[in-house]
J.: 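One structure follows; several queries about it will come next.
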Amino acid sequence: ARTYTVPDAVQSTSFIMGANAETVPMIGARVRCTTQLDATTNVTAAPALGLSVTLLAGRKYTFKATLFVTATANGGMKVGFGGTATATSMIAEGVIWNGATIGVVAQVTALGTVVNSTAAATKVEITGEIVVNAGGTFTITNAQNASHADTSSVKVGSFLVMEDVA
């Protein structure tokens, strides 16, 4: 039996290992936010830099995104899913925290949908599963829930873990 170790931040859909130069599908990836994403008077979703992975067609993945955020009740927080991949099916649950208090729990079933909060926020956790129809990128997006001069931010160190399960 061979053991394959996937390094952190694998960005390709496959890698080559072993004496026989085998190509192995991506089995997992962990990526992190590399630049703080600030939204001010802006409700248009933008990709959180670094929180994107490439998915293969016909595969099933589980994922967990943990976003360290700052948002006031004025602007709130809106987190969604974008990219170029298309889904046969998807289900995810998002929890938006304000300190030790759960502000919002929401379930979404499609790419392009969002988990949003009109309250102050300090952390967002999203877990889910996606069955990919057409391969492409899967990206976490962010914006304000309501346009306001207060800044809503996704901080550096936020991360996305994706695992190929079938």
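Scope of the values below: all heavy atoms of this structure, side chains included, with no hydrogens, waters or symmetry mates. For the single chain, residues carry numbers from 1 onward in sequence order.
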J.: Could you pull out every donor-acceptor pair under 3.5 Å between side chains of residues 36-46 and any protein atom, sequence neighbours left out?
T.:
residue : atom : partner : partner atom : Å
Q36     : NE2  : D38     : OD1          : 2.8
Q36     : NE2  : S153    : OG           : 3.4
D38     : OD1  : S153    : OG           : 2.5
T40     : OG1  : T151    : OG1          : 3.1
N42     : OD1  : T44     : N            : 2.8

J.: What residues form a side chain to side chain donor-acceptor pair (under 3.5 Å) with T34, not counting sequence neighbours?
T.: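 Residues passing side chain to side chain donor-acceptor pair (under 3.5 Å) with T34: none at all.
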J.: Would you give me the side-chain donor-acceptor pairs under 3.5 Å for residues 104-121, sequence neighbours excluded?
T.:
residue : atom : partner : partner atom : Å
T113    : OG1  : A110    : O            : 2.5
N116    : ND2  : N145    : OD1          : 2.8
S117    : OG   : A119    : N            : 3.0
S117    : OG   : A119    : O            : 3.4

J.: Looking at the rings of F63 and F138, which for Trp means the six-membered one, are their centres under 6.0 Å apart?
T.: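 Yes, ring centres under 6.0 Å apart.
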J.: Quick one: ring pair (Phe, Tyr, Trp, His ring centres under 6.0 Å) partners of F159, sequence neighbours excluded?
T.: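 For F159 there are no ring pair (Phe, Tyr, Trp, His ring centres under 6.0 Å) partners, ignoring immediate neighbours.
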J.: Any chain of hydrophobic side-chain contacts (each under 4.5 Å) joining L56 to M162?
T.: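 Yes.
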J.: Can you measure from OG1 (T62) to NZ (K64) and round to the nearest 0.5 angstrom?
T.: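 Those atoms lie 11.5 Å apart.
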J.: Can you sort out the partners of T139 under side chain to side chain donor-acceptor pair (under 3.5 Å), two or more places apart, ordered by chain and number?
T.: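 Partners of T139 by the side chain to side chain donor-acceptor pair (under 3.5 Å) criterion, ordered by chain and then number, come out as S52.
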J.: Could you note down all residue pairs passing salt bridge (charged side-chain N to carboxylate O under 4.0 Å, His left out) where residues 100-114 supplies at least one of them, sequence neighbours left out?
T.: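 Every candidate salt bridge (charged side-chain N to carboxylate O under 4.0 Å, His left out) pair involving residues 100-114 fails, so no pair, neighbours aside, qualifies.
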J.: Calculate, to the nearest 0.5 Å, the distance between atoms OG and CG belonging to S158 and N142 respectively.
T.: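 Answer for the OG-CG pair, S158 versus N142, is 9.0 Å.
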J.: For L49, which fellow cluster members are found when Ile, Leu, Val, Met, Phe, Trp and Tyr are connected by side-chain heavy-atom distances below 4.5 angstrom, either directly or through intermediates?
T.: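 Listed partners: none, L49 stands alone.
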J.: Does the side-chain hydrogen bond (donor to acceptor under 3.5 Å, both in side chains) test come out yes or no for T66 and K123, once each step is laid out?
T.: CA-CA 7 Å; T66 299; K123 183 167 91 170; over 6 Å; no
J.: Could you tabulate the donor-acceptor pairs under 3.5 Å formed by side-chain atoms of residues 85-97, not counting sequence neighbours?
T.:
residue : atom : partner : partner atom : Å
T86     : OG1  : A134    : N            : 3.0
W97     : NE1  : E125    : OE1          : 3.4

